[in-house]
**Q** 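Structure incoming, see below.
So you know, we letter chains A, B, ... as the sequences are listed, proteins then strands, and number each from 1.
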Amino acid sequence: MSGDKWDVPRHQGIQLEIVALAIVGITIMASVNIPFANNLNLADEGLIVRIYIHESGGFQPDAILVKVGETTKLTLMAMDVTHSFVIPELGIDTGPIKAGHTEVIELTPKEAGTFTIYCGVLCSPEHHLMKGKLVVTR
Amino acid sequence: MRLRVAILLAITILSFGIAIPIVAQTPYPVAQVQATHIDSSEVGETPRVIELKAFQFGFEPERISVGVGESVIFRVESLDVTHGVYIDGFDIFVEVPPRQTVDIGPIKFDVPGKYKIRCATTCGPLHPFMVADVVVEPNQPLYIFTGLTIAASTATLLYVGSGVGRRKILGIPIDGEIDLLGNLPGSIRYLLKRILQWRGLQFILILPNIFVFMVIFAAAFVGNPMGNLNFSIAVVWILWFAAVEFMILFASRLWCAMCPIPAFGEWLNRMRLSTVWSIRKLVSLNKSWPIRLDNMWILALGFLGISLIVPWLVTRPVVSGLLFLILIIVAFVIHLVYGGRYFCLNICPASGYIGHHSVASILAIRPRDESICERHVGKECIRGSPSGYGCPWKRYPGGLKCNTYCGLCTECLKSCPLENMTVKLRMIGKDIAEVGVKLKPRADEAWMGFIRLALAPFYMLVFFGPFFWIKDWGNMGVNFGANLLTVHLLMPTSAGFTNWLMWAAIVSSTTLVIFPGAFFIFSWLARRAADIKDVSSKDVFLGFSNALTPYALMLWVSFAFSLVAINWAYPLRAFSDPLGWGWDLVGTSHIKWNPLLADLIPYIQLPIVLFGLALAVDLTYKIGINMFKEHRKAIKATSIMSILYAAVALSFMLIIMG
């Protein structure tokens with residue numbers, strides 16, 4: 001009944017507290033790093049292109065650099081609705097890719113130049129504005 | 001009296017009488033498996049072609065009538081993006097590409113009832129709620145459900161009227177309690193005591209949830225803007241939401257014990273994460289909580305406010321993320337200023353409904369022997385001791401009679417030097433049965449109950465019903481998902497915003513005025529019918545509203561069950577791919593979306609709803625006895641109220657099967 005604190009020594013249990021605090025700190029720091037743990041399981045799948053509706057960003061990235069004659073693996077992921085990945089000039093058409101799904105293709109461009117990438121499946125009001133670039137260098 | 005019994009008996013038998021011969025004749029509902037393309041030569045007659053248009057986010061027509069045994073082909077055309085078609089009870093998952101028409105079938109519905117056509121390909125934020133109804137007629141199950149509902153109501157009335165159940169709720173003794181730290185065998189008791197008195201218990205429960213919340217923030221702010229591919233929507237609004245609804249019945253406010261939102265504030269107050277240090281003076285500005293805010297109004301209206309934006313909250317990651325971030329910040333500030341769980345008691349919108357329904361829970365922390373508490377001067381349960389802090393929820397555990405504001409933090413189990421605090425299991429609604437004029441009736445708690453009860457069938461109708469217009473109004477007509485980086489996509493048109501205002505008007509008026517108004521009318525009629533003079537209409541109204549607590553909970557459990565049964569795959573996928581970026585951490589990221597027992601969902605919901613209905617009737621009678629002191633008056637009043645309760649159940653039946 002006397003005083004504002006019980007007769008509990010200030011340092012009692014402090015070791016446990018420090019451990020607990022450290023655990024919380026590590027938990028938060030680990031979780032903050034989550035977005036940076038990108039490409040966790042796609043290490044072998046080459047370049048990842050995420051396909052959003054145009055309003056949400058379109059092709060991410062929208063420019064891909066490759067070399068003539070070299071085989072490049074591309075992993076295409078539809079992010080929000082069903083999309084497709086089409087490069088008419090190179091005869092590439094993945095067909096519809098459902099949201100949350102990926103399609104892996106291999107490119108071996110024979111000539112240099114810049115080729116436009118389109119989405120071939122109606123996905124949003126700005127679907128016709130979805131464009132990307134495949135830049136093939138020597 | 002005999003006349004009443006005769007009438008009730010007659011209605012009960014008639015209702016069963018309608019139901020049973022139909023049950024005998026109706027083919028047993030089993031999930032049917034059919035291929036999408038059946039050789040037409042196998043089918044006798046030419047199947048009827050039903051034209052169905054699919055668009056973001058509904059079907060046209062919304063409701064389709066089919067005859068039992070009729071063969072139909074659904075000719076589905078997508079008006080905008082890629083959609084898909086799934087039909088409850090059939091193993092059909094067909095994609096419908098944009099602006100194309102696909103024939104699905106022939107399909108034969110052998111069992112009458114209502115089936116839903118659901119979109120099977122993620123097409124936008126409201127995709128999980130893109131639904132059409134197929135009613136297979138004659139709709140015998142609806143008649144069965146109706147008959148059983150009426151029978152349940154009248155049968156319960158007969159039961160309470162007979163006086164058999166005076167000290168029982170639906171057959172289970174009110175006073176029957178299991179003292180988990182007293183009645184159980186020695187070894188289990190010892191183990192439970194060690195766990196519940198362990199200082200690290202709450203910390204260990206909260207820690208994983210801190211990690212989960214950080215994942216929610218990462219996913220909500222930078223993850224995939226499509227809700228069902230994002231942890232912050234898929235796990236929170238399917239798994240967590242349903243888990244809490246189920247948990248309330250069995251574990252009261254256990255979520256509140258493990259909630260990370262107030263954790264940082266509470267740890268700051270105590271300057272400790274789990275051990276006991278200074279218990280008298282918490283680190284805070286020590287302001288007193290304003291008396292005007294010491295009620296449930298903010299909780300109730302906060303929950304209503306959430307409901308106004310719920311179509312966005314449960315489909316747009318950024319909205320969920322922002323809500324939780326705001327709650328954590330507000331909780332922290334409140335702990336800093338006032339010291340103690342005032343955020344949980346008076347601000348948190350989830351706290352309102354979890355606390356409200358926890359009254360009906362079978363679990364409760366109570367003093368073992370109140371007389372010991374009365375004689376004991378130390379009152380460590382409020383003031384704290386070297387073993388435990390004083391109740392952070394500002395209750396007096398020694399006199400605890402009600403779960404509403406007890407967060408199961410177990411501090412009182414640790415601080416009591418006489419070990420007089422314990423955990424009890426008891427029948428659902430025990431505390432409600434003791435409500436009467438003893439406890440002052442509260443309008444804030446009553447309205448929390450009205451809002452909860454009115455919203456359960458409403459959500460069932462809006463989210464899983466076929467009526468696109470109301471979903472669109474609530475959604476403000478915006479078709480885009482959004483994380484923090486694309487939040488600007490949520491800007492509605494003025495027409496969309498106007499429609500939202502109409503949605504807000506519908507939700508608010510239904511929960512704040514229409515349903516409470518109906519409840520008041522029935523309470524007034526009940527008072528008239530029972531010729532009650534000494535209790536005012538207002539007290540009857542507020543007193544009886546307590547009986548809604550377990551009823552509303554059962555309705556919400558039904559809704560949550562259907563949500564999980566249909567969409568269980570999304571949270572499982574989100575564990576492997578929380579940000580929706582294509583990861584596969586534990587191998588579950590491509591689990592197929594495959595509704596479980598979809599055609600049987602209404603049959604599982606039926607007994608849950610009827611259980612709630614029976615509880616409402618029984619508890620109304622118990623409350624009536626406490627208020628009016630006379631059996632005849634209580635039974636008359638309960639009979640009138642049971643009409644309203646049955647009407648609520650019937651509307652739910654209509655929504656799920658009609």
**Q** Rounded to the nearest 0.5 Å, how far does CH2 of B:Trp581 lie from CD1 of A:Ile34?
**A**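 Rounded to the nearest 0.5 Å, the CD1-CH2 separation comes to 10.5 Å.
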**Q** Do A:Thr82 and B:Thr121 touch side chain to side chain, with heavy atoms closer than 4.5 Å?
**A**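 Yes, at least one pair of side-chain atoms sits under 4.5 Å.
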**Q** Do B:Thr82 and A:Pro96 come within less than 4.5 Å of each other through their side chains, counting heavy atoms only?
**A**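 No, their side chains stay 4.5 Å or more apart.
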**Q** Which region of A:Met79, side chain (C-beta onward) or backbone (N, CA, C, O), has a non-hydrogen atom less than 4.5 Å from a non-hydrogen atom of chain B, or is it both or neither?
**A**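 Both parts, backbone and side chain.
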**Q** Less than 4.5 Å apart, any side-chain heavy atom of A:Asn33 and any of B:Met214?
**A**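 Not touching, per the 4.5 Å side-chain cut-off.
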**Q** Side chain, backbone, both or neither: which part of B:Thr122 has an atom under 4.5 Å from a heavy atom of chain A?
**A**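 Contact with chain A: backbone and side chain both.
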**Q** Using modelled atom types only, decide if a donor and an acceptor are shared between the side chain of A:Asp80 and the backbone of B:Met226 within a distance under 3.5 Å.
**A**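 Between the backbone of B:Met226 and the side chain of A:Asp80 there is no qualifying donor-acceptor contact (under 3.5 Å).
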**Q** Quick one: what part of B:His83 sits under 4.5 Å from any heavy atom of chain A, side chain, backbone, both or neither?
**A**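 Neither part, no heavy atoms under 4.5 Å.
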**Q** Heavy-atom distances under 4.5 Å only: say whether B:Val215 touches chain A with side chain, backbone, both or neither.
**A**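 Both backbone and side chain of B:Val215 come within 4.5 Å of chain A.
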**Q** Using heavy-atom distances under 4.5 Å, tell me whether A:Leu16 contacts chain B through its side chain, its backbone, both, or neither.
**A**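 A:Leu16 touches chain B through side-chain heavy atoms alone.
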**Q** Do you know which of B:Ile206, B:Leu207, B:Thr486 has the most heavy-atom pairs with chain A at a distance under 4.5 angstrom?
**A**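 Highest number of heavy-atom pairs under 4.5 Å: B:Leu207.
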**Q** With a 4.5 Å cut-off on heavy-atom pairs, point out which of A:Pro125, A:Pro35, A:Ser124 contacts chain B the most.
**A**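 When all of A:Pro125, A:Pro35, A:Ser124 are compared, A:Pro35 has the most.
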**Q** Flag the one option from B:Gly481, B:Ala218, B:Pro578, B:Ser274 with the top tally of heavy-atom pairs under 4.5 Å to chain A.
**A**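 Answer, by heavy-atom pair count under 4.5 Å with chain A: B:Ser274.
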**Q** Please indicate whether A:Glu126 has more than 12 foreign heavy atoms, meaning atoms of other residues, nucleotides or ligands, lying under 6.0 Å from its CD.
**A**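 Yes, CD of A:Glu126 has more than 12 neighbouring heavy atoms, counting only those of other groups under 6.0 Å.
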**Q** Taking all non-hydrogen atoms of both residues into account, name the closest pair between B:Val81 and A:Cys123 and its distance.
**A**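 It is CG1-O, 3.2 Å.
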**Q** Is the shortest heavy-atom distance from the side chain of A:Ser56 to the side chain of B:Leu489 under 4.5 Å?
**A**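 The answer is yes, as the side chains (C-beta and beyond) meet within the 4.5 Å cut-off.
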**Q** What option among B:Met271, B:Arg573, B:Gln56, B:Glu95 has the most heavy-atom pairs under 4.5 Å with chain A?
**A**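 Winner by heavy-atom pair count: B:Glu95.
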**Q** Please answer whether the main-chain N or O of B:Thr275 pairs with a side-chain N or O of A:Glu17 as donor and acceptor at a distance below 3.5 Å.
**A**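 Such a contact is found between A:Glu17 side chain and B:Thr275 backbone.
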**Q** Taking the side chain as every heavy atom from C-beta outward, state whether B:Pro97 and A:Val121 have any pair of such atoms under 4.5 Å apart.
**A**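 A side-chain contact is absent here, since even the closest heavy-atom pair is not under 4.5 Å.
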**Q** For the atom pair OG (B:Ser589) and NE2 (A:His101), what is the distance rounded to the nearest 0.5 Å?
**A**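 These two atoms lie 9.0 Å from each other.
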**Q** Considering only heavy atoms, which portion of B:Arg199 lies under 4.5 Å from any heavy atom of chain A: side chain, backbone, both, or neither?
**A**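 Neither part.
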**Q** Does A:Tyr52 reach the side chain of B:Pro225, with side-chain heavy atoms less than 4.5 Å apart?
**A**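 Heavy-atom side-chain distance check passes, below 4.5 Å.
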**Q** Mind checking the CG-CE spacing from B:Leu229 to A:Met77? Nearest 0.5 Å is all I need.
**A**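 These two atoms lie 6.5 Å from each other.
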**Q** Side chain from CB out, backbone as N, CA, C, O: work out which of these in B:Phe231 comes under 4.5 Å of a heavy atom of chain A, or both, or neither.
**A**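 For B:Phe231, neither part sits under 4.5 Å from chain A.
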**Q** Before you tell me yes or no, could you show the steps for A:Glu55 and B:Asn479 under side chain to side chain contact (heavy atoms under 4.5 Å, CB included), namely the whole-Å CA-CA distance, both residues' side-chain angles and the distance that decides it to 0.1 Å?
**A** CA-CA 11 Å; A:Glu55 293 88 336; B:Asn479 285 352; over 6 Å; no
**Q** Evaluate the side-chain proximity of A:Val24 to B:Trp267: yes if any heavy-atom separation is below 4.5 Å, no if none is.
**A**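 Yes; the side chains approach each other to less than 4.5 Å.
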**Q** Once rounded to the nearest 0.5 Å, what's the spacing between atom CD1 of A:Ile23 and atom CZ of B:Phe211?
**A**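 That separation rounds to 14.0 Å.
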**Q** Would you say NZ of A:Lys133 has more than 12 non-hydrogen atoms from neighbouring residues, nucleotides or ligands within 6.0 angstrom?
**A**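 Result for NZ/A:Lys133: open.
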